[in-house]
Amino acid sequence: MTASSSPTVPGARSARPGAGAWFVLAVLCFVYVLNFLDRQLLSILAKPIQDELGVTDGQLGMLGGLYFAAFYCILAIPVGWLADRTNRVRVLSLACALWSAATAACGLSTNYGQLAVSRMAVGVGEAGGVPPSYAIISDYFPSGTRGTALSLFNLGPPIGQALGVAFGASIAAAYSWRDAFLWVGAIGVATAVVVFLFVKEPKKGGLDQLETHPPADAAPIPRAGFWSTCKMFFSNPVLRGMALACAATQFVTYALLNFATLFLMREKGMTLEQVAVWYALLVLIGTGAGMLVSGRLIDRLAKRSKTAYAWLPAVGLALAAPLFAAFVWAPTWPLALMFLLLPMGLNYFYLSPAVTLVQEEVRPDQRVMSGALLLLVMNLIGLGLGPTYLGAASDWFRASHPDNSLQMALYTLLPFYALAIALFVGLAGKIRRQVARETAG
């Protein structure tokens with residue numbers, strides 16, 4: 001293993017998360033809810049935004065994909081490096097305030113250019129959201145409980161999506177799509193103040209030291225350098241393989257997330273009021289269950305075999321692919337939602353294993369940066385290219401299939417399911433060889 005963290009020493013005192021850890025986890029999960037709610041409002045309100053501002057599917061794909069991801073992914077690296085060397089809680093609170101203010105600015109946009117700039121600013125702020133949170137949680141929860149803790153934290157996206165659908169669609173139906181952006185932005189700024197005042201910065205690697213019992217005269221670990229951490233991450237075949245497999249998965253998941261509401265309304269006949277109830281419940285139940293189940297499974301299965309970090313996502317995607325195809329085919333929206341329920345959860349069997357593996361593979365002072373590098377690869381490919389590709393494909397199919405262009409575009413995501421499964425199977429082999437080398441050594 002490339003990390004400097006050692007396996008638990010037999011007989012060493014086992015660290016347990018305290019009551020304060022659960023409070024911090026709850027606060028950080030709520031921040032993640034807002035992070036994803038802000039991110040998904042654009043896709044949820046796509047139809048009324050299209051009706052008022054006259055943007056195409058391709059332009060929507062760029063707003064939710066490349067324009068957002070370019071800033072979100074690239075800035076996550078220097079922000080992660082800064083957070084590893086400074087106070088992670090303060091970085092997180094500042095980032096939350098920034099992306100929330102930018103979300104409110106989206107509601108004030110009067111044309112496509114202003115909306116694009118506002119979405120870029122949301123990406124700038126959200127770059128400092130998730131990586132510091134991963135590292136803070138890893139320093140509040142010891143090894144053996146991190147998979148469960150991170151899976152609870154990863155409930156942020158499904159809750160954020162569900163609230164975004166329910167809240168955003170309801171506000172847009174009753175008032176205006178602009179009001180939804182303004183209200184969510186205001187709530188986010190208030191939350192940033194709560195994080196700054198009430199979340200305590202934990203000691204970096206404090207729980208790892210309890211578990212491994214380092215010698216009293218051991219020299220302190222030097223701070224990780226920016227380029228040395230990058231080199232460590234991308235030279236490790238397991239970390240690199242996990243990032244690429246997750247990127248292929250996110251190509252599918254983000255493409256679907258950014259266009260599912262528009263697809264259900266425009267081609268399946270759902271109304272905003274129906275979306276606010278039924279699609280919101282599906283996202284909350286399906287994705288939430290996927291996050292919780294995968295987190296619990298990885299904590300148990302990884303103790304038996306480290307290859308579980310790869311096999312669990314591979315099996316989840318293999319089960320999800322045919323049901324996703326049935327969702328796209330379904331002639332009515334109730335039937336489509338029935339087929340989509342399981343894929344909503346199975347599509348996310350990759351996230352908790354990926355985050356847990358990375359956090360346990362690297363040194364405590366490299367956790368934020370390594371989480372940012374994981375997100376860089378995942379989101380630059382998945383978030384940056386997935387929605388962009390699907391929007392462009394829908395525009396391309398419009399000439400030959402004017403009434404179901406999004407349906408035809410969604411079918412083209414099936415080969416990316418196959419690619420992601422193949423990458424996770426290959427990752428299982430890399431993990432197996434790594435374990436064999438460590439055992440031989």
Side-chain angles (χ1 to χ4, degrees), residues 32-33 35-46 57-74 76 99 119-120 122-123 126-127 129-130 154 156-162 164-165 242-264 279 282-283 286-287 290-291 313 316-317 320-321 324 327-328 340 343-352 354-355 374-394 406 409-421 423-424:
Y32 202 7
V33 167
N35 179 299
F36 229 83
L37 200 163
D38 292 355
R39 194 183 308 179
Q40 293 303 310
L41 268 184
L42 181 72
S43 62
I44 294 160
L45 302 174
D57 288 355
Q59 288 175 320
L60 274 176
M62 294 288 284
L63 282 175
L66 192 59
Y67 291 160
F68 176 89
F71 288 88
Y72 175 70
C73 298
I74 295 172
W99 85 59
R119 294 307 294 172
M120 292 176 191
V122 172
E126 291 194 6
V130 179
N154 284 329
I159 295 173
Q161 292 170 49
V165 173
M242 178 61 86
L244 290 173
C246 291
T249 306
Q250 284 201 341
F251 190 96
V252 175
T253 59
Y254 273 116
L256 175 62
L257 281 177
N258 276 266
F259 283 95
T261 303
L262 183 61
F263 174 61
L264 289 167
Y279 183 61
L282 179 141
V283 169
T287 312
M291 295 291 189
L317 290 171
F324 169 80
F327 154 73
V328 178
L340 186 59
M344 268 293 182
L346 294 169
N347 280 349
Y348 287 93
F349 265 35
Y350 75 97
L351 190 55
S352 293
V355 174
L374 173 69
L375 293 177
L376 170 70
V377 179
M378 287 166 54
N379 290 326
L380 198 58
I381 296 173
L383 176 57
L385 301 182
T388 304
Y389 161 80
L390 192 66
S394 178
L406 262 177
L410 285 165
Y411 276 130
T412 67
L413 293 178
L414 287 170
F416 293 97
Y417 266 106
L419 174 61
I421 293 167
L423 288 171
F424 276 116

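Contact between Ala320 and Pro343 at its shortest, heavy atoms only, is O-CG, 3.8 Å. Summarising the geometry of Cys246 relative to Ala354, their closest heavy-atom pair is SG-CB, 3.5 Å, with the distance given to 0.1 Å. Of all the heavy atoms in Leu317 and Ala420, the pair that sits closest is CD1-CB, 3.7 Å. The shortest heavy-atom contact between Ala255 and Leu390 is O-CD2, 3.3 Å. The shortest heavy-atom contact between Val122 and Trp99 is O-CB, 3.7 Å. Taking both residues in full, the closest heavy atoms of Leu346 and Gly316 are given as CB-O, 3.4 Å, listed atom of the first, atom of the second, then distance.
Note: Leu60 CG to Leu42 CG = 6.0 Å, rounded to the nearest 0.5 Å. One finds the CE atom of Met344 at 3.5 Å from the OH atom of Tyr279 (value rounded to the nearest 0.5 Å). Here Ile159 contributes atom CD1 and Met291 contributes atom CE; the two are 10.0 Å apart, rounded to the nearest 0.5 Å. Separation of atoms CG (Leu383) and OG1 (Thr388) is listed at 8.0 Å; rounding is to 0.5 Å. With rounding to the nearest 0.5 Å, the separation of CG in Leu257 from CD in Gln250 is 9.5 Å. We find the CZ-CG distance between Arg119 and Leu41 to be 7.5 Å, quoted to the nearest 0.5 Å.
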Could you walk me through whether Leu256 and Leu340 satisfy the side-chain contact (heavy atoms from CB on, under 4.5 Å) test, starting with their C-alpha distance in whole Å, then the side-chain angles of each, then the deciding distance to 0.1 Å, before giving a yes or no? CA-CA 11 Å; Leu256 175 62; Leu340 186 59; 4.1 Å; yes
Residue pair Phe349, Phe424: steps toward the ring-ring contact (aromatic ring centres under 6.0 Å, His included) verdict: CA-CA 12 Å; Phe349 265 35; Phe424 276 116; over 10 Å; no
Candidate pair Thr249 and Asn347, rule side-chain contact (heavy atoms from CB on, under 4.5 Å), full reasoning: CA-CA 8 Å; Thr249 306; Asn347 280 349; 5.6 Å; no
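A search for side-chain hydrogen bond (donor to acceptor under 3.5 Å, both in side chains) contacts involving Asp57 returns Gln50, Arg266, Ser394, Arg398, not counting sequence neighbours. Listed by chain and residue number, nothing satisfies the side-chain hydrogen bond (donor to acceptor under 3.5 Å, both in side chains) test with Tyr348 (two or more places apart in sequence, or in another chain). Here Ala247 pairs with Val377, Ile381 under the side chain to side chain contact (heavy atoms under 4.5 Å, CB included) rule; sequence neighbours left out.
When ring centroids are compared, Tyr417 and Phe324 come within the 6.0 Å threshold.
Each of Tyr389, Tyr254, Tyr411 was checked for a ring-ring contact (aromatic ring centres under 6.0 Å, His included) with Phe416, and the lone residue meeting it is Tyr389.
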